[in-house]
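Reviewing the structure listed below.
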Amino acid sequence: MRARQADTEGFIEHDGVKIHFEVYGEGGPTILLLPTWTLVHKRIWKMQLPYLARHFRVVTYDGPGNGRSDRPATPPAYGQAAQVAYALAVLDATGTDKAVVVALSRAVNWALELAAEHPARVHGTVAIGASIALTPPGQARAASGGLDDPPAPDLPPSAVPRLGTDPASHWRKYNRRYWHTRHDDFAWFFMGQCFSEPHSTKAVEDGVGWALETTGAVLDVESQADRPDRDALESWCARLTSPMLVLHGSADQVVPLARSEALAELTGGDLVVIDGGGHIPIARDPVRVNLLVRGFADRFRPAAPTRQVWSRWQSRPQRVLYLSSPIGLGHARRDLAIATQLRELRPGVQIDWLTQHPVTQMLADAGERVHPASRFLVNESAHVESESGEHDLHCFEALRRMDEILLANFMVFHDLLAQERYDLVVGDEAWDVDHFLHENPELKRSAYAWLTDFVGFLPMPVGGEREALVAADYNAEMIGHIARYPRLRDRSIFVGDPDDVVDERFGPDLPRIRDWTSEHYDFAGYVTGAVTGTGTGAVTGAGSAASDADSRAAARAVLRASLGYRDDERVCVVTVGGSGVGGHLLRLVAAAFPEAARKVPGLRMILVAGPRIDPASVPAPAGLEVRPYVPSLDQHLAACDLAVVQGGLTTCMELTAAGRPFIYVPLRNHFEQQFHVTHRLRRHGAGRRMDYDTLTPDMLAAAIAEEIDRPVTYRPVSGDGAARAAALLAELF
């Protein structure tokens, strides 16, 4: 799922070559994102498009040889004149009189000619990692310490300069013969050189995927196209009349920094060096690039009067911006409980929520204020659903493939915090904010607290060695973030107890997860909702076991009556969370209902489809109730005789706290449900786990009959988790 779809799209044709373009957003000025080397297509700009399109009109297109454009077999179609002609034709086709031109690597050649020869069409130019022939090879190598230019395509491997002192250097793969015979291996090699920054596994994988959409034969033809020489480039630089912004990574292993230094000197442009950055900062440092491009493009926006209000310190109420993950509704239930306690500790505090559907629906039902900026967020639940299969969600991979969505949502957060002041930001598994704040710590503007109920990405066995390595790399990056900026999180709160943390390693040669978490987190205990946290199953005070049991039974009887459940009914509630991933389990339970009803006299089964599943999509046998979204679901769970659930932590722990028997069926390949949740439930002695792969309607019906009358003796769940979490947050004001 993309973070943003194009508003319009189409094709232009030049000299028989069709070029595909897309237009995003509206309002001026227009930003033209040029294609770069044929190895990749316009998706290389995926981290820029959503943000820039919220503020400008953005046009982008696939160059010849990749994406949805043609793959011509003649070198002139890839030459300098043709590339400039494609850009002009796209501007004409999209009704763009003048644009801010943004160019990466080889496209800087085309951008320079465009700005010099067609100044009426260009407001200004942003040049990133300029792959241009502006410096003598010896000077460039001396200045950068790296390889000046990739070797000529026809050089034999023995004649190819090697990168650094590594005798196994792979730059010899940069030749036509290798492209034809081992295009896939060349793509892995070249993308590895482009992304010299640590922890770049996802960026490399993206680049390889795009590279495999073209062929070595196309690269061969493209390599024979003409390129501008030094004299032409210097002439364009001398005649440039529009502003220039130049960006370059100091650790670029593909193009030396000296190229961009020369470009900035010859054009009088501003130079921004990304210290430690590689060749493609638009992917590895997208926040910084986005803000630089926006700042540059803002120069060409018509000035308009503004009105600002600045409040003196005593006129400022205490304000909290609460970020609640929309992937399942469990986060919202616990966050509401914490917010209620926080208001008791800090009377008058104003809490704004920045979140997405379906959490916005729950918050609206609770009378909370959802910040208007929430409408700009890309829906993460929809992405998760797009990644799911039959009771299957490879959530680690889904999170990795959500990178452009997370970046788009972080930029919404950034813009909001740049305009409004908050005393505290609370992020309940707000992966976007936590990651990109650590990557850009200078953007922190308030106290910041992080909440989570699990720590550590654990690889699924089906992913093999690759997933084990990638998961460990993600964990290592997070550990490195915390080690470098230990105070960026003013408080890290684990929703649970130390023993609820899995006793596994983050990866080979990395710390044990429980030890590391105990060192870096405060523990709030489990945060239950209003019903389970104060009544049926939670530990609420001293007293004999018999009196506690009587008290819980009496409270549950009152709750059942208030919900309309009769004493002679045996109620089974089935719920699969707030996403749309659980439809298959609902249908399986529905198929099991007739046999379960035969085995359990007086069985009343209620299937809760939730906010993202159409109840009509679940075939219901006679007697089975299928309901849409239920705002007070925690009350029904506390009142039921049995629950069948998917395996999300919040629902399972609410049932545990309420002392209710339940069956849980974790999603396949969902590492959190398979490992973290299962570990915690085993510790509490709660629930009966069943695996979807072997589950049949008859097996499920038998399990329902066995579990509905089973006495439970779970480990007690403290009822003060919300109050403890709120107290930890209140200290940050």
Side-chain angles (χ1 to χ4, degrees), residues 17 19 32-45 48 60-67 69 71-72 75-88 90 101-116 125-135 137 140 144 146-153 171 174-176 179 186-187 190-191 193-195 207 210-211 214 216 218-230 232-234 236-237 244 246-249 252-260 262-263 267 278-283 289:
V17 178
I19 298 294
L32 176 65
L33 302 176
L34 290 176
T36 183
W37 187 29
T38 308
L39 195 66
V40 297
H41 50 65
K42 60 178 172 287
R43 285 283 285 154
I44 194 137
W45 296 107
Q48 283 64 55
T60 187
Y61 63 96
D62 291 319
N66 208 329
S69 292
R71 287 148 175 75
Y78 300 92
Q80 178 75 14
Q83 297 285 6
V84 174
Y86 300 142
L88 290 169
V90 168
V101 178
V102 185
L104 171 69
S105 191
R106 185 170 295 180
V108 176
N109 293 282
W110 317 324
L112 281 174
E113 181 175 350
L114 193 64
T125 305
V126 180
I128 305 171
S131 180
I132 50 179
L134 272 183
T135 50
S144 68
L147 187 66
D148 174 38
D149 265 331
W171 273 110
Y174 204 106
N175 66 78
R176 297 174 183 171
W179 295 343
F186 171 75
F190 186 73
M191 288 301 161
Q193 298 301 316
C194 287
F195 297 105
W210 300 328
T214 189
V218 169
L219 298 186
D220 185 348
V221 174
E222 190 277 341
S223 71
Q224 301 173 54
D226 71 291
R227 303 183 194 178
D229 58 19
R230 179 186 177 115
L233 290 165
E234 288 186 348
W236 293 330
C237 288
M244 170 78 71
V246 183
L247 281 63
H248 208 112
D252 190 335
Q253 297 296 314
V254 178
V255 177
L257 172 60
R259 297 292 178 84
S260 287
L263 177 62
T267 61
H279 186 55
I280 308 182
I282 63 174
V289 171

Check for a donor-acceptor pair, side chain of Tyr78 on one end and backbone N or O of Pro72 on the other, with a separation under 3.5 Å.
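Yes, because the side chain of Tyr78 sits within donor-acceptor range (under 3.5 Å) of the backbone of Pro72.
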Given 3.5 Å as the limit, does a donor-acceptor pair link the side chain of Asn109 with the main chain of Ser131, or not?
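Judged by distance alone, yes, a pair lies under 3.5 Å.
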Heavy-atom side-chain contact between [X] and [Y] under 4.5 Å:
X: Asn66; Y: Arg71; value: yes
X: Met191; Y: Val40; value: yes
X: Pro228; Y: Glu113; value: no
X: Leu112; Y: Thr125; value: no

So which heavy atom on [X] is nearest to which on [Y], and how close?
X: Trp45; Y: Leu34; result: NE1-O, 2.9 Å
X: Gln48; Y: Ile282; result: NE2-O, 2.9 Å
X: Cys237; Y: Leu134; result: SG-CD1, 4.5 Å
X: Ala225; Y: Pro75; result: CB-O, 3.3 Å
X: Leu263; Y: Ala127; result: CD2-CB, 3.7 Å
X: Ala103; Y: Ala111; result: CB-CB, 3.8 Å

Taking atom [atom1] of [X] and atom [atom2] of [Y], what is their separation to the nearest 0.5 Å?
X: Ser260; Y: Ile132; atom1: OG; atom2: CD1; result: 6.5 Å
X: Ile44; Y: Thr36; atom1: CD1; atom2: OG1; result: 6.5 Å
X: Leu39; Y: Cys194; atom1: CG; atom2: SG; result: 7.5 Å
X: Gln83; Y: Asp226; atom1: CD; atom2: CG; result: 9.5 Å

What pairs with [X] under ring-ring contact (aromatic ring centres under 6.0 Å, His included), at least two apart in sequence or on another chain?
X: His248; value: none
X: Tyr86; value: His14
X: Trp37; value: Tyr174, Phe190

Non-neighbouring partners of Trp236 that pass side chain to side chain donor-acceptor pair (under 3.5 Å), sequence neighbours left out:
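Trp236: side chain to side chain donor-acceptor pair (under 3.5 Å) contacts with Glu117.
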For His279, all residues meeting side chain to side chain donor-acceptor pair (under 3.5 Å), sequence neighbours excluded:
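Expected list: Ser105, Asp252.
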Candidate pair Gln224 and Asp220, rule side-chain hydrogen bond (donor to acceptor under 3.5 Å, both in side chains), full reasoning:
CA-CA 7 Å; Gln224 301 173 54; Asp220 185 348; 3.0 Å; yes
Sort and list the pairs that fulfil salt bridge (Lys or Arg N to Asp or Glu O under 4.0 Å) and have at least one residue in residues 34-44, not counting sequence neighbours.
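Sorted pair list: Lys42-Asp62, Arg43-Glu404.
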